[in-house]
Protein chains: 4
Amino acid sequence: MLDDLRLQVCEANKALTAHGLVTLTFGNVSGIDRERGIVAIKPSGLPYEALTPNDIVLLDLDGETVAGTLRPSSDAATHVILYREFPAIGGVVHAHSTYATAFAQAQRALPCLGTTHADHFRGEVPVTRPLIADETAQDYEANTGRVIVERFRGMDPMQMPAVLVANHGPFTWGSTVATALENAVALEAVAKTAYATLALAPETPPVSGHLLDKHFQRKHGSTAYYGQEKE
Amino acid sequence: MLDDLRLQVCEANKALTAHGLVTLTFGNVSGIDRERGIVAIKPSGLPYEALTPNDIVLLDLDGETVAGTLRPSSDAATHVILYREFPAIGGVVHAHSTYATAFAQAQRALPCLGTTHADHFRGEVPVTRPLIADETAQDYEANTGRVIVERFRGMDPMQMPAVLVANHGPFTWGSTVATALENAVALEAVAKTAYATLALAPETPPVSGHLLDKHFQRKHGSTAYYGQEKE
Amino acid sequence: MLDDLRLQVCEANKALTAHGLVTLTFGNVSGIDRERGIVAIKPSGLPYEALTPNDIVLLDLDGETVAGTLRPSSDAATHVILYREFPAIGGVVHAHSTYATAFAQAQRALPCLGTTHADHFRGEVPVTRPLIADETAQDYEANTGRVIVERFRGMDPMQMPAVLVANHGPFTWGSTVATALENAVALEAVAKTAYATLALAPETPPVSGHLLDKHFQRKHGSTAYYGQEKE
Amino acid sequence: MLDDLRLQVCEANKALTAHGLVTLTFGNVSGIDRERGIVAIKPSGLPYEALTPNDIVLLDLDGETVAGTLRPSSDAATHVILYREFPAIGGVVHAHSTYATAFAQAQRALPCLGTTHADHFRGEVPVTRPLIADETAQDYEANTGRVIVERFRGMDPMQMPAVLVANHGPFTWGSTVATALENAVALEAVAKTAYATLALAPETPPVSGHLLDKHFQRKHGSTAYYGQEKE
């Protein structure tokens, strides 16, 4: 089981490069075994092409290393907070993909301008507030997780599986590692298209509520009819 | 014959990735056997790299599956309407390529600013109106086809083998599956160039009517002289 | 000798794809044997990957085919005019690369904003006037060549080996086929960088005359010191 | 030892292409053996794919060739000045990557808008003044080095391992050849993201001082905790 989780997390980290979401080592993927309460995450600063399942670090939900000889990703504390606070998620992806990061740097929520956005994210993708000096000085990475959780108060993270951290970049998640990765890919694609749309027509309004709901529900929930039946 | 059609449709779906027109599974290609009235289309949600001709689903012109064990693309009803209403077309491509989609999201027709555009599309590529709530709630995909047909009233779909569906993305078509795909590739290329042109000079006017006609006729109709003689 | 020219022209056409300068079949390269007065050019509409030296069509300087069974590029008459009027050139490249074409569509000369531009083009790359209706109706491709020549009156095509044809796209040339191709690659690179520069700072002035001359002369003429000595 | 340096410099030059930082031969990497005072640099105008360690030219700190039969990069004098004036650096990269060059052409410092920027560069990346006519006429490449050094008066080149030369492009450096290359890759990535951010929100302010310091120190200095322990 944990071998399988390490393998999934290793493969998803490598896929960041294949999908063009990362430069150098600027991104990381983790997954969780909910039964055991164990998070598997990329080690810090290692190049993706050299990564093997054995390099993946295992943490408990206090962020303590329980297996692995390498240092976990410097962003591990952010991932751990998300797993603690969003109990339905099974995987987390953090990247610095160009267009999602541009919205994060501009501290501008990513509006829902089209159907691909609505297929994955139910409304505009929110942006956190910037951290204050004290939050940066102490427990910086845990505080990054906390401002995400603060921003999601009253929201369902399974309907909005993405956030833009101000001045930083996107985090996405999903019920599985694979879905978290799919959401990271989709987020960058819709951010790039939104960027181009706003350049053409800065006042473009979001799509209608009925189109948003239709597309989100085509892919999610009990009446979904996109894709094949799951056995 | 239908084996050949399935093969063409399978190959054209895979080519969407090679041409950079799709992310994840966000696009689909279909073709029709006019004699038999059978449409061959991509199954819903399958990754392109795994697709084989056997996976291609066959539908009649009411949209009912006549062969294949997989669910057809969720956009199948849109394709079927286009085949019913545009009797000269042999293939349809739907993608969410970045720049064509940006024009669709901005609800802005794609103006003809250059000769490559004129080679493929006789004038500006039109954009549909958005669907109203009732059209989204019931028969959404068929209604997407219907707003395209509504927009093309009085137009010849063989002279304008593309449309931008508001808030959604482009559909292209052609006399064959290969031509529909070529038009999808050309549409994204001219949309990207138009985007850059309008950024440099927002008031750029469309090309003159004589240049538009010259280029369209160089490639189409009885006096065409682009390419090699067809046997 | 002509075998060698056909091979060079064939390879340079294929290189258009490798350098990302063309979509589908939207570009063509030719070369000339000045002694024999024979132009070798891509056949019309053929995919680059299938092209062999045998497919290359040979024309005389009246544009008549003297060898080859395929139709020459529909732009052949433009190439032939350039060879007749610019006696020092040995190769011509026509592409529709995105950013050079955006300047051509905006009918805006490409300003010299940096040293890479100055390494290849001595000043701003000029744009032609649009063709009038009569010029489009009759001998369209030859007239395209003629408006280029008209624009270059008083200019040295070896110091400015590129032009933007209004509403159409770039032509580049050079003393050899390889240099014409290098100039096409450089033109698109500097056009993309100029596009981004003008987006950041629309009033960016051209580089100083002394920097322009320094860089152009570093690579060209009797005092050049870029690259290795030619044997 | 010098074999090893030549190999590193050769590999880093080839990596410029793999990272998409150069077109044609528009870039060069060098490294230094501080003990011997010998700089190893790319020869001028050679294509990267053909480069072998034997082609790398060795220079002393007066810029005189001490080994190698090829001409050194035409920018060698700039590299040599940087090694003389910045004693802690071990490698230098010069490229004309699109977005870093756009800022250089616009003569606009690259503001620190996000954490990836802060990971590598402690504050905004400065831009030099343009050279005056006399500086261009005589010892142009050495003077390019001198305006960089002039711009860095009072600054620590190890905290700001990059500069934008006006009308020209970026130079980056680092304690090793590999770090200089990493900084070149990071610079282009953050320049592209900054470009997109400023297009979305032209008035975006730089990140807070505490976030800048936090991220720079996470990767550099005695309290760094990014990556694995160095043995």
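Proteins get letters first, then strands, A, B, ... in listed order; numbering begins at 1 in each.
- Contact of Ala186(A) with chain B is made through backbone and side chain together, with heavy-atom distances under 4.5 Å.
- Note that OG of Ser208(A) is 8.5 Å distant from CG of Leu131(B), once rounded to the nearest 0.5 Å.
- Classification of the His215(A)-His168(B) ring pair by plane angle, with boundaries at 30° and 60°, yields perpendicular.
- The parts of Thr98(B) that come within reach of chain A are both its backbone and its side chain, each placing non-hydrogen atoms under 4.5 angstrom from that chain.
- Between the OH atom of Tyr225(A) and the CZ atom of Arg71(B) there is a distance of 10.0 Å, given to the nearest 0.5 Å.
- Of the listed residues (Val190(A), Val185(A), Asp213(A)), the one with the most heavy-atom contacts under 4.5 Å to chain B is Val185(A).
- With a 4.5 Å cut-off on non-hydrogen atoms, Leu198(B) touches chain A through its side chain but not through its backbone.
- Contact annotation for Thr204(A): only side-chain heavy atoms (C-beta onward) come within less than 4.5 Å of a heavy atom of chain B.
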Could you walk me through whether Glu188(A) and Thr23(B) pass the side chain to side chain contact (heavy atoms under 4.5 Å, CB included) check? CA-CA 10 Å; Glu188(A) 182 62 10; Thr23(B) 303; over 6 Å; no

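- At distances below 3.5 Å, at least one donor-acceptor pair connects side-chain atoms of Gln228(A) with backbone N or O atoms of Ser44(B).
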Let's go through His210(A) and Tyr140(B) carefully: what are the C-alpha distance in whole Å and the side-chain angles of both, what is the deciding distance for ring pair (Phe, Tyr, Trp, His ring centres under 6.0 Å) to 0.1 Å, and is it a yes or a no? CA-CA 11 Å; His210(A) 56 86; Tyr140(B) 168 62; 9.1 Å; no

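- Neither the backbone nor the side chain of Ala104(B) comes within less than 4.5 Å of any heavy atom of chain A.
- In this structure, the portions of Ala196(A) lying under 4.5 Å from any heavy atom of chain B include both its backbone and its side chain.
- With rounding to the nearest 0.5 Å, the separation of CG in Leu200(A) from OH in Tyr195(B) is 6.5 Å.
- When heavy atoms are compared at a cutoff of 4.5 Å, Thr25(B) approaches chain A by way of both its backbone and its side chain.
- In this structure, chain A has heavy atoms under 4.5 Å from both the backbone and the side chain of Pro43(B).
- Looking only at side-chain heavy atoms (C-beta outward), Asn167(B) and Leu211(A) come within less than 4.5 Å of each other.
- Ion pairing of Glu141(B) with Lys214(A) is absent here, as no side-chain N (NZ or NE/NH1/NH2) approaches a carboxylate O to less than 4.0 Å.
- One distance of note links OH of Tyr99(B) with NZ of Lys192(A); it measures 4.5 Å at 0.5 Å rounding.
- Both the backbone and the side chain of Ala133(B) come within contact range of chain A, each with at least one heavy atom under 4.5 Å from a heavy atom of that chain.
- Between Gln105(B) and Val207(A), every side-chain heavy-atom pair lies at or beyond the 4.5 Å cut-off.
- We find the OG-CZ distance between Ser74(B) and Arg218(A) to be 3.5 Å, quoted to the nearest 0.5 Å.
- Contact of Ile132(B) with chain A is made through the backbone alone, with heavy-atom distances under 4.5 Å.
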